[in-house]
Number of protein chains: 2
Amino acid sequence: MSLEHILLGCLETPASGYDLKTYFDQQIRQFWSAELSQIYPTLKRLEGRGWLTSRREPSTKGPPRKVYTRTPAGREALIEWLTGGPQVGSERFSYLAQVFFMDQVGDLQATRRFIVDVRGRMVAWRAALAQVEREERDHAGKPPEQFSPNGLHRFISLRMGIHSIGAKVAWCDETLALLDTRFAATTEGETR
Amino acid sequence: MSLEHILLGCLETPASGYDLKTYFDQQIRQFWSAELSQIYPTLKRLEGRGWLTSRREPSTKGPPRKVYTRTPAGREALIEWLTGGPQVGSERFSYLAQVFFMDQVGDLQATRRFIVDVRGRMVAWRAALAQVEREERDHAGKPPEQFSPNGLHRFISLRMGIHSIGAKVAWCDETLALLDTRFAATTEGETR
DNA sequence: TAGGCCATGTAATGTGTTACATGATTAG
DNA sequence: CTAATCATGTAACACATTACATGGCCTA
């Protein structure tokens with residue numbers, strides 16, 4: 001399971017389930033997401049396994065917090081996952097499945113509209129990531145090869161996202177050009 | 001749910017669960033995978049919903065086959081999914097999570113080994129897809145913009161995979177260059 | 001005759017999402 | 001006073017994987 005290990009990775013410093021959800025939405029989102037209703041029982045399970053300990057802490061606002069701390073055994077489990085080689089699982093892309101079967105709609109314009117839609121989302125997403133990269137560079141004030149180990153690893157993760165989305169935008173452009181060449185070849189603008 | 005719709009898409013012509021599994025492993029693999037133990041109950045559910053009908057057929061080898069045929073209602077459900085806009089879900093990448101937390105190993109050489117491993121897998125995968133593309137082009141004997149609608153949609157799905165994997169290889173190369181610049185900057189070859 | 005492929009399925013377990021339930025504090 | 005945010009959790013459901021169960025036919 002990846003979520004367990006991601007939580008262990010996040011808990012380099014102690015945090016509550018609520019804190020971790022915030023961290024997921026801000027930093028982890030590019031490669032994983034999780035709901036609070038999944039995070040809470042997973043933390044409890046990790047504690048039962050001796051990888052975390054917890055303590056109650058009063059909160060300035062709202063109910064008392066349950067703060068989790070990683071144990072040495074938890075750290076070991078994390079290191080084992082990190083050094084066990086890449087987990088390249090079978091990735092799932094619903095929208096690619098849609099393209100694959102889109103010919104059954106019987107209207108190439110439907111495909112075109114679809115690709116334009118995908119492209120818009122990808123361009124927006126890329127801009128957001130580019131903004132994060134700019135902030136990280138400005139904040140560090142030195143070139144990436146001189147970042148702290150932590151900053152360096154976060155930087156290269158971010159770069160992966162940027163490369164990946166760039167490829168998707170390039171694919172949209174290539175596909176739109178291909179479709180438009182085809183449309184231009186028929187005087188009327190074919191619909192099938 | 002995507003699997004239901006992917007099965008509907010596959011059933012443009014009638015097929016058995018076993019046939020569909022073979023088709024998944026050959027054609028669908030690039031964007032989705034499914035086990036027989038998931039395919040069989042899903043087909044039964046689609047039949048219960050009136051989107052498929054089934055009939056038993058004797059097999060030349062082995063037990064009798066259960067062949068499913070898509071109904072007009074099933075076709076309608078597929079078209080609705082295809083024309084309902086792209087399903088761009090939150091993608092999950094375990095190996096990116098590993099990179100993100102890899103600094104906690106305390107050895108940049110571990111990161112380097114990891115990236116080299118990822119790169120090897122990606123290059124092999126890209127070669128396989130490039131081979132498929134070559135075969136499709138040779139088999140068609142004309143440029144992609146003149147492919148049949150079906151062939152065209154399969155082609156652009158394949159191109160997405162090639163773009164996507166190319167980006168990952170480029171990211172590996174960029175990351176390895178970054179790491180090596182850093183190693184070169186310390187005379188000894190730092191380990192943290 | 002042993003192992004692989006054809007062909008169907010169920011059961012158990014793991015993983016993830018949505019909906020529900022509770023209640024305090026704070027800003028507008 | 002109302003809505004947002006803080007903070008915890010359970011229950012029900014949806015989706016996916018692994019293991020198990022059965023048995024015929026074909027090839028080495």
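Note: hydrogens, waters and symmetry copies are ignored here, and every other heavy atom, side chains too, is used. As the structure is a prediction and not an experimental result, all values here were calculated from the model.
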Next item on the list: Could you tell me whether Ser16(B) contacts a base, only the sugar-phosphate backbone, or nothing, with contacts defined as non-hydrogen atoms closer than 4.0 Å?
Entry: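 Contact class for Ser16(B): sugar-phosphate only.
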
Next item on the list: Would you classify Lys21(B) as touching base, sugar-phosphate or nothing, given that sugar-phosphate means primed atoms plus P, OP1 and OP2, and contacts are heavy atoms under 4.0 Å?
Entry: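 If one applies the 4.0 Å heavy-atom cut-off, Lys21(B) turns out to touch nothing in the nucleic acid.
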
Note to self: Can you classify the ring geometry of Trp51(B) versus His5(B) as parallel (below 30°), tilted (30 to 60°) or perpendicular (above 60°)?
What the structure shows: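 Geometry flag for His5(B) against Trp51(B): tilted rings.
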
Margin query: Looking at Asp117(A) and Arg113(A), is there a salt bridge between them, counting it only when a charged N and a carboxylate O are closer than 4.0 Å?
Written below: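 Here Arg113(A) does not pair with Asp117(A) in a salt bridge, since their nearest N and O are not under 4.0 Å apart.
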
Notebook entry, point to check: Below 4.0 angstrom, N of the basic side chain to O of the carboxylate: do Lys168(A) and Glu91(B) qualify?
Noted result: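 Counted as a salt bridge, because a side-chain N and a carboxylate O are separated by less than 4.0 Å.
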
What is the distance, to the nearest angstrom, from the [atom1] atom on [X] to the [atom2] atom on [N]?
X        : N       : atom1 : atom2 : answer
Ile6(A)  : dG16(C) : CD1   : P     : 9 Å
Glu35(A) : dT15(C) : CD    : C1'   : 13 Å
Ile39(B) : dT17(D) : CD1   : P     : 10 Å
Asp19(B) : dC6(C)  : CG    : C1'   : 10 Å
Leu43(B) : dC15(D) : CG    : P     : 15 Å
Arg56(A) : dA7(D)  : CZ    : P     : 12 Å
Arg55(A) : dA7(D)  : CZ    : P     : 14 Å
Tyr68(A) : dA7(D)  : OH    : C1'   : 12 Å

Check: Quick check: are there more than 12 heavy atoms from other residues, nucleotides or ligands sitting under 6.0 Å from CZ of Arg29(A)?
Finding: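 No - once you tally the heavy atoms of other residues, nucleotides and ligands closer than 6.0 Å, there are 12 at most.
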
Nucleotide nearest [X] when distance is taken to its side chain, options [options]:
X        : options                  : answer
Gln38(B) : dA7(D), dA16(D), dT17(C) : dA16(D)
Tyr18(A) : dT18(C), dA16(D), dT5(D) : dT5(D)
Lys66(A) : dT8(D), dC5(C), dT17(C)  : dT8(D)
Met1(B)  : dA16(D), dA7(C), dA19(C) : dA16(D)
Leu36(A) : dT10(D), dT8(D), dA16(D) : dT8(D)
Arg92(A) : dA16(D), dT18(D), dA7(D) : dA16(D)

Residue-phosphate contact under 4.0 Å: [X] side-chain N/O, [N] OP1/OP2:
X        : N       : answer
Tyr40(A) : dG9(D)  : no
Ser37(A) : dT17(C) : no
Ser59(A) : dA7(D)  : yes

Check: DNA chain C: Arg45(A) or Gly62(A), which has the more 5' nearest nucleotide?
Finding: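 The 5'-side residue here is Arg45(A).
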
Check: Side chains of Lys66(B) and Tyr40(B): does their closest heavy-atom pair fall under 4.5 Å?
Finding: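 Not touching, per the 4.5 Å side-chain cut-off.
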
